[in-house]
2 protein chains.
Amino acid sequence: MSDDTASGKPDSGEEEAPRVFIVDDDEGFRDSMVMLCDSVGLETEAFASAAEFLRRFSPEMRGCLLLDVRMPGMSGLELQQELSRRNSRVPIVFMTGHGDIPMAVAAMKAGAADFLSKPFSHQELLDRIHRALRIGEREEEPRRREAEVREAYERLTPREQDVMHLVVQGAANKVIASRLGISQRTVEIHRAHAMEKMEADSLADLVRSAVVLGL
Amino acid sequence: MSDDTASGKPDSGEEEAPRVFIVDDDEGFRDSMVMLCDSVGLETEAFASAAEFLRRFSPEMRGCLLLDVRMPGMSGLELQQELSRRNSRVPIVFMTGHGDIPMAVAAMKAGAADFLSKPFSHQELLDRIHRALRIGEREEEPRRREAEVREAYERLTPREQDVMHLVVQGAANKVIASRLGISQRTVEIHRAHAMEKMEADSLADLVRSAVVLGL
DNA sequence: GTCGGCCTAGGTAGATCTCCCTAGCCGCGT
DNA sequence: ACGCGGCTAGGGAGATCTACCTAGGCCGAC
């Protein structure tokens, strides 16, 4: 193992640091947001439209998104839907000057971390940003674990997956063998391979991984 | 076993059917809500204050809660906090005549299912109620399972719990024996008892139960 | 004080899992 | 054609788990 020279991707050598993404069509407002964040040491990246942000988007993004609701082109709420479709994990803090309760409730029901109506104080905004960043951090660890487990799982051969399914359901090797119509010996081999590929040191580990995968 | 005659509680022989709980200090409004729900076949229970509802509250309640924000005495938001402390699982639909965005957002962040500002149409309200009821149903099954597992777990003797912990961490019996300073034979006995009491037919089952318990 | 539950433990046997050796067949890409 | 990986399989040794028999000490409840 350890021979990754052939793999296509550089494989995310460096992760991006968490930062505040700002999407607002008002340039002056954008700039003032950036300055505010700078002043407390938060890294920022600003975009003038939802489309511009989407071009930059990747599922590995970390941080939070400060999002204006009303913009030309794609609205903030539409961007939220699109990000949700793309399995984004970035918590969203909405900002709006002309919002109403139904709009705020819809955004929150769709998973927004917060919803601020202008005007708001700098401190108010910074508090919300920090809270959103904490939410993002808290979700990061489980996400990463699931991604790792899923990756390992997908490296299993079809037969190894079959065997793993039955193993984590509590079936004994002989049962698995008869169920799959193969010899007990072969089950043992697939089982051992699955354990190794899933980096499971015990059956308990394997079951935990299966639970993460929702099996 | 099977001798439950000594246990104090009749043990929830019949579960309550899901219903709509209405908490509002305005009697006229309460009545109209009750009638509206009646008209579509929803069972209701109405209360004039948060305190009155709390006296009726039990964690086994099923359905949803239609809650006015502004009331004399304990407010709707305060009731929400109190219910959260009491591990309520009843989805809350807030109603208010004088709400603003921060209030709605705070309620949603605290876990409310919905937030409606008056006036609203009957259909609007019924839609929200049905949605909240669906949310409650969806959470019911996992809740019940966890409660059952936890109950079984707490029937384990301390030693059986010790052994179970190590078993679901993947330790072999001999390891557990030396870790606990007892013989391998004794570990086997505690292990078998734990499996039986947890109604686990396989190690996989036991690990799943442990995952539910957050072990 | 007796009864029952809990924790402890030995022996034996059988089922089960794990790991070592071997090896044939098939499909895919070079 | 050749190699490689995936799937299949047998035999055997040793570790591990499970199930059956037994039994003693401790402690709280009736």
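Numbers restart at 1 for each chain; the letters A, B, ... are given by sequence-line order, proteins then strands.
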| request: Taking the side chain as every heavy atom from C-beta outward, state whether A:T157 and A:K197 have any pair of such atoms under 4.5 Å apart. | output: yes
Distance-only donor-acceptor pairs under 3.5 Å for side chains of residues 65-79 of chain A, two or more places apart:
residue: A:S75; atom: OG; partner: A:L77; partner atom: N; Å: 3.4
residue: A:S75; atom: OG; partner: A:E78; partner atom: N; Å: 3.1
residue: A:E78; atom: OE1; partner: A:S75; partner atom: N; Å: 2.8

| request: Figure out the CD/P separation between B:E196 and C:dG5, and round it to whole Å. | output: 14 Å
| said: Looking at D:dA9, I'd like to know if its phosphate oxygens (OP1 or OP2) sit under 4.0 Å from a side-chain N or O belonging to A:T186. | reply: yes
| message | Taking the basic N atoms (NZ, or NE/NH1/NH2) and the acidic carboxylate oxygens, is any pair closer than 4.0 Å for B:E188 and B:R185? | response | yes
| Is the side chain of A:R89 donor-acceptor paired with the backbone N or O of A:P59 at a distance under 3.5 Å, no angle test? | yes
| Between the two end axes of the helix from C:dG1-D:dC30 to C:dT30-D:dA1, each built from 5 base pairs, what angle do you get to the nearest 10°? | 40°
| message | Using every non-hydrogen atom in the two residues, find where B:F21 and B:R19 come nearest and quote the distance to one decimal. | response | CZ-CG, 3.4 Å
| task | Return the value, rounded to whole Å, for the distance between atom CD of A:Q184 and atom C1' of D:dG11. | result | 13 Å
| Residues from residues 157-166 of chain B sitting under 4.0 Å of DNA chain D, heavy atoms only? | none
What nitrogen or oxygen pairs link the protein and nucleotides 18-25 of chain C at under 3.5 Å?
residue: C:dT18; atom: OP2; partner: A:R191; partner atom: NE; Å: 3.0
residue: C:dC19; atom: N4; partner: A:E188; partner atom: OE1; Å: 3.2
residue: C:dC20; atom: N4; partner: A:R185; partner atom: NH2; Å: 2.4
residue: C:dC21; atom: N4; partner: A:R185; partner atom: NH2; Å: 3.4

| field | B:V149 and B:R145, any side-chain heavy atoms less than 4.5 Å apart | value | yes
| Does A:I129 reach the side chain of A:V20, with side-chain heavy atoms less than 4.5 Å apart? | yes
| For atom NZ of B:K174 and atom P of D:dC17, their distance in whole Å | 9 Å
| note | Per salt bridge (charged side-chain N to carboxylate O under 4.0 Å, His left out), A:R62 is matched among A:E140, A:E16, A:E43 by A:E140
Report, one line per pair, each donor and acceptor closer than 3.5 Å where one atom sits in a side chain of residues 168-178 of chain A; sequence neighbours left out.
residue: A:N173; atom: OD1; partner: A:R191; partner atom: NH1; Å: 2.6
residue: A:S178; atom: OG; partner: A:V175; partner atom: O; Å: 3.1

| Heavy atoms, side chains only, cut-off 4.5 Å: are A:R159 and A:I182 in contact? | yes
| task | Show your working on salt bridge (charged side-chain N to carboxylate O under 4.0 Å, His left out) between A:R56 and A:E52 and close with a plain yes or no. | result | CA-CA 7 Å; A:R56 164 74 175 76; A:E52 196 180 313; over 6 Å; no
| According to the interplanar angle, ranging from 0 to 90°, do the rings of A:F115 and A:F94 count as parallel (below 30°), tilted (30 to 60°) or perpendicular (above 60°)? | tilted
| task | Verify the contact: side-chain N or O of B:H193 to OP1 or OP2 of C:dC7, cut-off strictly under 4.0 Å; return yes or no. | result | no
| message | Across nucleotides 25-30 of chain D, 5' to 3', mark each nucleotide with B, S or - according to how protein heavy atoms within less than 4.0 Å reach it. | response | ------
| said: Considering every strand and a 4.0 Å limit on heavy-atom distances, what is the contact class for A:S183: base, sugar-phosphate, or nothing? | reply: sugar-phosphate
| Does A:E199 reach the side chain of A:E148, with side-chain heavy atoms less than 4.5 Å apart? | no
